[in-house]
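I have placed the structure first, in the form of structure tokens, so that the comments after it can refer back to it.
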Amino acid sequence: MNFVHVGLALAGVAAVAIPIIIHLLFRQRRKPIDWGAMRFLLEAYRRSRHRMRLEQWLLLAIRCLVLALLGLALARPLLSDSALPLGPGSRVVYLVVDNGLASTVTDGQNQSALQRHVQEASQIISSLKASDRVALVSAARPIEALVDPPAVDHAAVLANLTELKASHTPTDIDAALSRVRESISLRESDPSPVFVYLLSDFYAGSADLTRPLAARFIDDKRNVKLIASQPATAPVANVQVVSIDSKRRVALAGATDLSGQFTVHLRRVGDVSEEALSTVRLNAEPLPSPDPISVRWARGQSEAAVDMRLDLRGVDPGEVIVTAAIDRDALAADNARYNVLEVRDVLRVAVLDRREFGRPGDLASFPSGSWFRRALDPGSGSQISVTDIDPASIDRAAMRRLQAAVLTRPDLVTEDGWRVLREFVDGGGMLWIEPAEQDRVATWTDRATTALELNWRWAREAANVGEDDSGVALADEQPKSDLLSLLGSELTDLTKPVRVLRTLPVEEGVEEDSIVLRLADGTPWMMWMTAGGSSRGGLIVYLSSAAHLDWTTLPAKPFMVALVHEVVRQGVGHAHEQRELSPGDAIAGGLPLGAASLVGPGGTRLTVLTRDGAATLDRPISQAGVYEVLDERSASLGRIGVNVEPDAGRTEALGAAQVNEWLGASGSWQWLDTNDSAAALAGETTWGEISLALLLTALALALLETLLARWFSHGLRRDLETGGLDTDRYSLASTFATEGRPA
Amino acid sequence: MPDTSLQTDDYLSPATLARMGAFELRARMVVEGIRSGMHESPYYGFSVEFAQHRQYVQGDDIRHLDWKVFGRSDKLYLKQYEQETNLDVVLLVDSSGSMRFGTYEATIEDGSKRIWRKFDHATALGAAVSFLALQQQDRVGMVVFADGVRSLVNRSSAQGHWRQIVSALNTHPVEEQTSIGRCVDQALGKVTNRVLFVIISDFFDDLDQIRSAMARVRHRGHDLILLQVLDRQEMRFDFRTPAPFEGMELEGKLNLDPRSLRQAYLEILSEHCKSLEKLARGFHFDYQRIDTHDSIGPVLSHFLARRMAQGRRGRG
């Protein structure tokens with residue numbers, strides 16, 4: 001027997017002495033009564049001695065017992081199963097099952113780690129008694145409490161367990177244990193012993209040992225026993241498709257440029273000690289697949305990249321799902337990766353410039369808008385369609401049909417116009433802004449900053465750059481910007497002839513990685529930004545000189561056409577870029593406007609909810625694959641690829657010592673007996689509290705003592721016999737009075 | 001001196017008698033009580049005048065055999081003559097340890113409390129009975145006894161003899177057991193003529209010994225009156241709290257809860273008293289139980305009335 005308060009139990013036992021002490025003290029202090037009829041008293045005592053002694057011992061025993069029971073009850077004793085008269089006390093079992101991507105690793109019998117863990121969990125449940133309660137938590141991110149609070153309906157828990165499927169997400173053991181810890185702390189008053197089973201193979205994808213566990217059971221006042229399954233001892237070789245990078249984010253149908261070029265990155269994790277061979281296949285229905293490419297892994301090699309090309313000739317405009325896949329290995333989910341390639345027949349670009357009618361003057365007076373028109377559409381066969389829009393009357397409907405817009409006269413844009421431009425950017429458009437060639441003092445910058453929620457702070461006045469009229473050249477070493485990445489080594493040659501004479505610079509707020517071009521003096525000349533930090537896409541590019549020869553020699557140089565085309569092509573790709581989703585994601589920020597649901601592999605449907613202005617999914621994505629985005633009328637808005645996080649599929653074995661040290665931060669863990677999963681339960685004695693029973697017994701005994709004491713002193717007996725206290729019933733005086741006294 | 005406005009019962013009540021510190025005064029109070037009630041009380045002498053035949057029993061003096069009856073019936077009868085002389089009365093007053101017991105608490109003149117004991121009640125009774133007998137010109141003797149005879153007053157009807165009796169009664173009980181048989185034997189040894197013995201005691205003695213004593217008294221042709229003096233608490237035994245009880249005749253100490261023993265005790269005491277009374281009736285002796293919390297007047301009156309009725313029946 002254990003006690004919650006041992007001190008009170010000892011006090012209860014000591015209290016047994018109280019009636020005896022009281023008896024002895026009063027015995028000493030009582031004054032003797034001289035009694036004449038002692039011979040009759042002695043005779044009465046002789047006759048009643050045995051009965052009286054029995055009565056006195058019985059009363060003393062009951063009184064002592066009452067005090068002892070009260071003390072024991074207050075000490076809250078705990079009795080083991082076998083000692084409990086009314087059956088065993090209940091236990092609480094938490095089952096934390098790793099169903100992350102790494103749990104799909106199969107063994108020699110083609111049984112996955114998850115299937116093995118489910119079997120172990122089922123064995124544990126089947127060994128429980130009916131009064132035991134079970135909770136079930138799946139540890140794949142985001143963790144899910146499938147059964148909590150703990151329930152006695154073992155069949156329901158088993159049903160949840162057998163339906164548990166592997167997720168394509170990493171395992172978050174820390175979050176799962178924290179959930180268990182929270183559940184335990186909510187039931188602190190429950191004295192039942194708690195068993196926490198953590199069933200995982202502890203591959204690198206299941207446990208990030210670099211982050212210490214936050215879930216703490218060490219300080220728990222309750223009797224919590226922690227049991228973890230044995231970590232896998234050997235790493236498992238696994239090759240992953242980590243990414244597919246396309247040269248052009250937006251492909252033009254029939255183009256023969258770099259639109260169809262892709263780089264597939266591979267990673268080998270787990271056992272890399274042996275040579276291996278992987279075959280990479282690229283597929284983009286209905287386009288013909290290029291020939292597979294084999295990657296021969298050398299010993300110790302863990303990364304590889306493969307360039308592959310799709311023939312986009314004859315492809316219709318729309319979305320093409322590009323899938324890079326390798327042969328089946330230990331983990332299937334990370335053997336493929338999905339990318340959505342946007343194919344357009346033409347790019348629609350507007351030049352937001354006020355047309356000046358009449359004969360154009362010499363090149364020096366050539367307006368900025370004209371330079372852009374020529375650069376965008378240099379001749380026949382161009383796949384860029386250019387339209388003109390007056391900046392003072394920007395039409396919302398017209399803007400919707402565009403993919404990009406070049407604003408050469410921001411000084412003419414009204415406040416409403418800025419709002420339309422903001423909507424255009426938020427809708428995935430690319431906006432190129434440059435100062436108006438007429439600008440001396442720029443007043444439009446404030447309106448632009450407000451409307452587009454830009455962090456940039458422009459200089460108020462345009463200023464000449466350089467110490468003489470020749471201006472400043474562009475820097476020889478330009479930043480590695482994605483917008484100009486395809487120019488490669490040609491960039492230096494193209495930028496060399498360009499001189500910059502005048503700029504309206506951005507003085508603050510330019511982040512280093514957003515700089516596209518830089519002047520020789522280091523001043524950012526071209527930069528980009530997303531509007532208001534929007535996650536929906538959209539891109540704003542700013543060139544701090546107007547395309548006018550008073551500002552720069554760029555329009556008259558070959559770099560003008562290359563710059564405009566690359567920035568527009570790549571910029572539109574960036575602007576339309578959808579955020580890549582992963583299993584476990586519940587945030588739908590990267591989805592197109594109007595998205596109402598997602599339909600994934602096997603017809604899995606996820607509903608898009610809008611809460612506090614943010615789009616979320618009704619439940620996290622669990623499977624990788626291609627998902628179709630539907631609007632409220634179930635019309636398709638396009639498709640997106642959901643790809644696993646590569647780290648989720650890491651199959652390096654972490655080792656028992658490391659896992660033990662990692663788990664040890666949260667409490668004292670013991671390994672699960674692989675032969676008998678329920679061994680820890682069988683060896684444990686459970687305890688039930690019997691305070692209430694003891695209190696009731698003490699109360700009943702106290703009542704019994706009162707009745708017996710009264711019965712033994714004949715008070716109760718007389719009450720029962722006469723219905724009242726008749727003190728003269730045995731009195732000789734009354735007899736004498738009635739018999740012998742004269743009238 | 002007692003208040004003259006007192007009634008007879010007042011004179012003879014324990015409350016009044018206990019107020020008299022000196023025994024002499026108490027005896028006088030008893031006498032005053034008897035006198036004040038004389039004109040209306042049926043107090044008669046103890047002389048019992050009747051003649052009869054009694055069957056001979058072994059040990060009787062054969063000088064009194066009626067030979068005529070023997071001649072006619074061939075049976076031995078003693079011839080008992082009418083006695084013209086007065087009756088001799090011998091009082092036997094118990095002064096054993098148990099007679100010290102009392103629970104009646106009276107307030108005496110100085111305001112202090114005084115316990116009225118069984119022995120006080122017995123001596124008051126003795127003084128009253130002896131006074132009544134002397135008033136009838138009877139000779140009165142007295143024995144104060146416990147385990148044996150402690151003091152003795154020879155029979156006499158002389159003037160002033162009552163003072164001797166009262167003086168002898170002015171003593172205290174001793175821590176001795178009651179031995180009525182021995183005392184009666186000693187008293188019988190000192191009388192030759194017919195005597196009325198009056199034993200005033202609680203009779204906390206062995207019933208067999210009492211029976212033997214009665215038989216001897218009857219055998220000698222004497223008469224006997226048993227006045228059993230008991231305290232009311234002895235007859236009720238209604239103690240409420242556990243306490244040690246200590247015997248007054250060196251029986252020792254006993255720790256007990258009186259409530260648990262009350263029934264058994266009262267049954268035994270009741271049985272003893274009923275047996276005693278039955279014994280007395282069996283020998284045609286008078287028996288009277290007296291509560292120390294009651295006045296002795298009504299008891300005396302009742303007793304003498306019964307005694308008178310018996311005398312008449314005997315003469316008739």
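Just so it is clear: chains get the letters A, B, ... in the order the sequence lines come, proteins before strands, and each one is counted from 1.
Both the backbone and the side chain of B/Q233 come within less than 4.5 Å of a heavy atom in chain A. Neither the backbone nor the side chain of B/E249 comes within less than 4.5 Å of any heavy atom of chain A. The contact between A/R47 and chain B is made entirely by side chain atoms (from C-beta outward), counting heavy-atom distances below 4.5 Å.
For A/A44, the side-chain contact (heavy atoms from CB on, under 4.5 Å) partners are B/L261, B/A264, B/Y265, B/I268, not counting sequence neighbours. In terms of the side-chain hydrogen bond (donor to acceptor under 3.5 Å, both in side chains) criterion, B/D205 has no residue partners (sequence neighbours excluded).
Most heavy-atom pairs under 4.5 Å with chain A, from the set B/P242, B/G102, B/S98, B/S96: that is B/P242.
Ion pair A/E43/A/R46 flagged as a salt bridge, since at least one NZ, NE, NH1 or NH2 atom sits closer than 4.0 Å to an Asp/Glu carboxylate oxygen. Between B/D294 and B/R232 there is a salt bridge, since at least one side-chain N of the basic residue sits less than 4.0 Å from a carboxylate O of the acidic one.
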